[in-house]
Student: 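Provided herewith is a single structure, encoded as structure tokens, for subsequent inquiry.
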Amino acid sequence: MKNFTRRRILIGLAILITGFAFTSCLGIKGMFSDGQDDIQKANELWGKGQQLEALVHATQAVITDPVFIQGKSYLNDYFNQGIANATQRLSAIEKPKNSQEAEEKYRMYDQLVKIYDNLQKIKLPLAHPKGKWSWTTEIIDYVPQRDVAYAEAFAILMEEGREFVKNENVPDAENRFMNASNNYSGTQKDSVKQVIANELCQAAAPLSKMNDVDKVIVANAMYKSALKFVSGLAEATEGVQQTITHISDLYLKRGKATEAKGKVEDFIASIQYYKLAVKWNGGNTEAKESITKVTERIAEYYYQQGLNAQNVLKDPTKAVAMFEETRKWIDNYKDAMSRIYTIRIVVKIEELAANLAETQSEFGKIHGKIDAVSANVDQCDDIMTKLTYISDKSRSMNETMKQTSRTLKVFTVIPTVGTVTGILARSVDLVQEPVGKVATKFTALEQPVITPTKTVVTKTKTVVDNVKGKMGSTETVLNTTREYSLKLKDCVAGITVEKNFKEAENALDEVNKGLVATNKALKEINSTATKINNEAKKLGKLAAPVSQVTNGIKEVDKVIRKIQPIVDDLNGILDRKFTVNLLVKKFTFSVKQILTGLPSEVKAVMGKFSDLAMGVVKPVLKKFDIKIPEIPGIGKLADELDNIKSSYETFKGELSGFENSVSDFAKAQTKISANLKKIESSTGCQFGTAGAK
């Protein structure tokens with residue numbers, strides 16, 4: 001039983017494999033069939049609606065490969081539908097209304113002839129290898145219908161061509177005639193072309209003699225078209241030449257009539273007619289001479305308009321426009337070129353005068369205040385230098401006085417000596433206390449305020465000094481510019497070369513730009529300088545107390561310099577040691593130990609040690625006949641230090657813009673000076689102070 005089942009399975013597999021192999025062979029054969037290309041083309045054409053053309057390729061595929069199943073299947077699937085659709089369309093255009101339908105009718109019958117010619121080469125019926133279908137069709141002869149359609153298409157094309165000739169539509173007429181003679185005249189092509197050429201010449205003849213230029217142009221086109229059908233046709237060749245001359249003369253005549261109207265618009269219009277006359281006939285010398293003559297009339301008209309605008313209307317813009325219009329017609333007409341540039345340059349000179357006046361006014365403002373600003377900023381710089389000195393000195397003096405006070409207070413326990421040293425210590429403390437407060441204040445403000453303020457004030461001083469240093473050169477530049485503006489009109493009148501005019505005009509533009517930039521920079525410098533000056537004045541209020549404190553610190557410093565060696569000696573004495581035998585025991589003590597406290601067992605002999613210390617100290621204390629002066633104003637200065645911060649913010653905020661403005665100012669001066677030299681070079685004038693730095 002098991003063997004029987006296995007056998008049935010194997011037989012089934014064998015059948016499946018055999019069927020698959022058979023189908024695969026058919027598919028592979030189709031893939032490599034010579035008819036495959038035609039079937040692919042048939043599918044493309046059918047998709048485009050060209051069904052008869054598709055069937056031509058399908059029948060050809062079967063002829064190429066009679067066992068090609070795809071080709072046969074295509075005819076079985078599509079042939080009847082394609083023929084039915086074609087029959088329906090042919091019925092609709094059986095009587096063509098125009099050449100397009102006539103040609104379509106012919107093409108369809110021609111395709112039908114090809115299809116049935118191919119079918120006669122195929123053994124019908126066609127059958128599927130497995131008997132799924134069988135297909136055949138009746139063979140129909142469409143040759144008679146095709147021949148009728150061929151003649152019909154020729155007749156309609158010729159009829160349409162003649163109709164286009166009547167309507168003077170030469171391009172469309174030529175298109176129809178060319179199609180008829182090339183594609184539908186059969187063996188009569190040459191004779192048909194001769195007929196067409198003769199008809200075109202006959203239609204052109206009456207038009208060629210008219211005085212209507214448009215009609216003669218049509219005649220010319222007809223003669224040229226006739227030559228395309230019969231090259232060298234004498235009548236057409238002569239007609240072309242005759243119409244060319246006639247068209248040119250008609251345009252000449254039209255140009256003269258238009259010119260005679262006398263307005264500039266008429267002159268301009270006549271030029272176009274004269275140009276057309278020359279275009280048609282390059283040998284028309286009268287038309288060429290008329291172009292030259294009328295062009296001069298147009299140029300003269302605009303030239304006179306320019307003179308009137310310049311001298312009577314005093315309208316430089318209109319004058320320049322008229323002279324430029326003159327040059328469009330004749331570039332080098334009279335002195336139009338020099339007048340254009342002279343007028344434009346004079347306008348720019350007037351602009352220069354206005355810019356110069358504004359710039360000189362702004363320059364006068366900064367020139368009048370820069371010395372004061374410089375002095376105030378210099379004072380601020382001096383104040384910040386002294387504040388830095390006070391800051392450094394107050395801290396070092398504070399430490400010195402504190403150390404001095406500590407040393408002196410050690411000696412206060414000694415009778416007599418203690419009285420002297422106590423008084424001196426209190427004197428030092430009195431001076432040290434305000435100095436200490438100032439030192440503390442300065443320590444807190446040193447990094448965030450004092451040091452950066454000094455830096456920014458110093459930078460500001462440099463920029464202000466830079467501006468102050470440029471006052472002389474700027475004044476020279478402005479004076480030189482003024483001299484140029486006064487003399488430039490006369491110099492420009494002597495220029496004859498356009499290149500030099502352009503250079504002078506461009507340079508003048510740049511000078512004006514430089515003045516505008518200078519004026520802008522000066523305004524910004526003025527504005528910033530005012531703010532800086534106001535802040536410098538505020539900061540300048542510290543000048544008196546700062547100087548007072550500085551002088552006071554210097555006086556105190558002199559005293560401290562005297563005290564310091566004495567304090568050093570006292571410190572040396574405090575470290576000096578004494579040895580005494582007491583109670584059968586040797587004791588060694590420093591002066592400092594004696595003064596600050598002894599062991600209990602030797603307190604009984606305190607006086608002995610005090611005498612020893614006194615003997616050492618007295619000679620040094622004799623040097624302390626010194627009075628430490630107070631520092632006037634130091635407390636008030638400490639209270640006002642906080643105000644420096646607002647000055648720092650102002651200086652810092654304005655400095656960057658100030659530097660940029662000064663930089664722009666310098667660049668503008670350089671631009672002005674460089675372009676003044678270019679003006680001198682291009683005009684050939686000597687200005688005396690030219691080349692200002």
Side-chain angles (χ1 to χ4, degrees), residues 345 348-381 457-488 491 504 506-536 651 654-683 685-693:
I345 288 175
K348 293 181 191 302
I349 291 171
E350 292 171 357
E351 181 186 351
L352 175 67
N355 287 333
L356 185 59
E358 187 176 0
T359 305
Q360 285 179 317
S361 172
E362 202 63 40
F363 175 74
K365 295 175 185 176
I366 189 67
H367 196 280
K369 75 166 67 167
I370 194 64
D371 286 340
V373 176
S374 178
N376 287 330
V377 172
D378 284 351
Q379 184 184 46
C380 288
D381 189 55
V457 168
T458 301
K459 285 184 179 179
T460 304
K461 179 182 183 313
T462 301
V463 179
V464 171
D465 288 345
N466 187 13
V467 175
K468 186 177 179 181
K470 290 183 183 298
M471 290 296 101
S473 63
T474 302
E475 189 170 17
T476 301
V477 169
L478 295 178
N479 288 338
T480 302
T481 306
R482 182 172 180 277
E483 181 186 352
Y484 274 66
S485 68
L486 294 174
K487 294 182 179 180
L488 196 52
C491 289
N506 291 338
L508 193 54
D509 279 336
E510 292 303 310
V511 171
N512 269 318
K513 290 177 184 177
L515 285 173
V516 170
T518 299
N519 189 40
K520 181 175 180 290
L522 283 172
K523 284 181 178 178
E524 292 170 351
I525 290 171
N526 255 322
S527 175
T528 305
T530 298
K531 294 175 184 177
I532 288 173
N533 196 41
N534 291 338
E535 203 57 46
F651 277 110
E654 297 296 332
L655 181 58
S656 177
F658 196 30
E659 287 178 315
N660 291 337
S661 299
V662 172
S663 175
D664 292 343
F665 173 59
K667 290 176 184 176
Q669 280 195 92
T670 302
K671 174 182 277 193
I672 293 171
S673 296
N675 283 284
L676 289 177
K677 290 179 181 178
K678 288 181 181 178
I679 290 173
E680 186 174 71
S681 172
S682 59
T683 60
C685 293
Q686 297 297 316
F687 293 91
T689 58
K693 296 179 181 178

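Because only heavy atoms are used, hydrogens play no part in the values below, and waters and symmetry mates are left out as well, while side chains stay in. Throughout, numbering of the chain's residues begins at 1 and tracks the sequence.
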Student: Without swapping roles, check the side chain of Asn466 against the backbone of Thr462 for a donor-acceptor pair under 3.5 Å.
Tutor: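 Here the side-chain-to-backbone pair does not exist.
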
Student: Given side chains that start at C-beta, do those of Leu515 and Leu478 come closer than 4.5 Å, heavy atoms only?
Tutor: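 Touching, per the 4.5 Å side-chain cut-off.
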
Student: Quick test of your reading of the model: are Asp509 and Lys513 salt-bridged, counting only N-O distances below 4.0 Å?
Tutor: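 No, no charged N to carboxylate O under 4.0 Å.
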
Student: What heavy-atom pair brings Asn526 and Lys365 nearest, and what distance separates the two atoms?
Tutor: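 In terms of heavy atoms, the two residues are closest at ND2-CB, 3.5 Å.
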
Student: Say whether, by atom type as modelled, one donor and one acceptor occur between the side chain of Ser374 and the main chain of Ile370 under 3.5 angstrom.
Tutor: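 No: the side chain of Ser374 does not pair with the backbone of Ile370.
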
Student: Carefully, step by step, assess Phe363 and Thr518 under the rule side chain to side chain contact (heavy atoms under 4.5 Å, CB included).
Tutor: CA-CA 9 Å; Phe363 175 74; Thr518 299; over 6 Å; no

Student: If you measure from the Lys or Arg side-chain nitrogens to the Asp or Glu carboxylate oxygens, is any gap between Asp664 and Lys520 under 4.0 Å?
Tutor: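 Result for this pair is no, no salt bridge flagged.
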
Student: Do Gln360 and Asn479 come close enough that some side-chain heavy atom pair is under 4.5 Å?
Tutor: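 Sidechains of Asn479 and Gln360: in contact.
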
Student: Would you mind telling me which of Ile366, Thr476, Asp371 makes a side chain to side chain contact (heavy atoms under 4.5 Å, CB included) with Met471?
Tutor: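 Among the candidates, only Ile366 passes.
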
Student: Which residues pass the salt bridge (Lys or Arg N to Asp or Glu O under 4.0 Å) test with Glu351, sequence neighbours left out?
Tutor: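 So Glu351 forms no salt bridge (Lys or Arg N to Asp or Glu O under 4.0 Å) with any residue.
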
Student: What pairs with Lys671 under salt bridge (Lys or Arg N to Asp or Glu O under 4.0 Å), at least two apart in sequence or on another chain?
Tutor: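 Testing Lys671 for salt bridge (Lys or Arg N to Asp or Glu O under 4.0 Å), a comparison that skips the adjacent residues, returns Glu510.
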
Student: With a 3.5 Å distance limit and no angle check, can you tell me whether Asn512 reaches the backbone of Lys348 through a side-chain donor-acceptor pair?
Tutor: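 Checking the backbone N and O of Lys348 against the side chain of Asn512, a donor-acceptor pair under 3.5 Å is found.
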
Student: First locate atom CG of Asn355, then atom CD1 of Ile672, and finally report the distance between them rounded to the nearest 0.5 Å.
Tutor: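 Nearest 0.5 Å value for the CG-CD1 distance: 9.5 Å.
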
Student: Looking only at atom types and distance, does a side-chain atom of Asp381 sit under 3.5 Å from a main-chain N or O of Val377, one as donor and one as acceptor?
Tutor: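 Side chain of Asp381 to backbone of Val377, a donor-acceptor pair under 3.5 Å: no, none is there.
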
Student: List in chain and number order the residues that pass salt bridge (Lys or Arg N to Asp or Glu O under 4.0 Å) with Lys523, two or more places apart in sequence or in another chain; answer none if no residue qualifies.
Tutor: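 Lys523 satisfies salt bridge (Lys or Arg N to Asp or Glu O under 4.0 Å) with Glu358 only.
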
Student: How far does OG1 of Thr481 sit from CG of Leu356, to the nearest 0.5 angstrom?
Tutor: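 Nearest 0.5 Å value for the OG1-CG distance: 6.0 Å.
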
Student: Please check this pair: side chain of Ser682 against backbone of Ile679, looking for a donor-acceptor N/O pair closer than 3.5 Å.
Tutor: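 Checked: pair present.
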
Student: Looking at every non-hydrogen atom in both residues, tell me the closest pair between Cys491 and Thr683 and how far apart they are.
Tutor: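 Looking at all heavy atoms of both residues, the shortest contact is CB-CB, 4.1 Å.
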
Student: Set out, in order, the CA-CA distance, both residues' side-chain angles and the distance that settles side chain to side chain contact (heavy atoms under 4.5 Å, CB included) for Cys685 and Lys487, then state yes or no.
Tutor: CA-CA 9 Å; Cys685 293; Lys487 294 182 179 180; over 6 Å; no

Student: How close do Tyr484 and Leu676 get, heavy atom to heavy atom, and via which atoms?
Tutor: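 It is CE2-O, 3.1 Å.
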
Student: Hey, what do you get for OG1 (Thr480) to CD (Glu475), rounding to the nearest 0.5 Å?
Tutor: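 So the OG1 of Thr480 and the CD of Glu475 are separated by 10.5 Å.
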
Student: Which atom names give the shortest non-hydrogen contact between Ala517 and Ala668, and what distance separates them?
Tutor: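 Looking at all heavy atoms of both residues, the shortest contact is CB-CB, 3.9 Å.
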
Student: I'd like to know if the side chain of Ser663 and the backbone of Glu659 have a donor-acceptor N/O pair within less than 3.5 Å.
Tutor: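 Answer holds: no.
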
Student: Between the main-chain N or O of Lys677 and the side-chain N or O of Ser681, is there a donor-acceptor pair closer than 3.5 Å?
Tutor: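 No: the side chain of Ser681 does not pair with the backbone of Lys677.
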
Student: Ser361 side chain to Ala357 main-chain N or O, any donor-acceptor pair under 3.5 Å?
Tutor: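 Not a single qualifying donor-acceptor pair exists.
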
Student: Rounded at 0.5 Å granularity, tell me how far CG in Asp378 sits from NZ in Lys461.
Tutor: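 With rounding to 0.5 Å, CG (Asp378) is 4.0 Å from NZ (Lys461).
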
Student: Within the structure provided, determine whether Thr474 and Phe665 are in side-chain contact (heavy-atom separation under 4.5 Å).
Tutor: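 Contact flag for Thr474/Phe665 side chains = yes.
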
Student: When you measure from the side chain of Asn519 to the backbone of Glu362, do you find a donor-acceptor pair of N or O atoms at a distance under 3.5 Å?
Tutor: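 Absent.
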
Student: Looking at every heavy atom in both Ser673 and Val477, which two are closest together, and how far apart are they?
Tutor: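 The answer is OG-CG2, 3.5 Å.
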
Student: To check you understand the geometry: which heavy-atom pair defines the closest contact between Ser661 and Ala521, and what is its length?
Tutor: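 Heavy-atom minimum between the residues: O-CB, 3.6 Å.
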
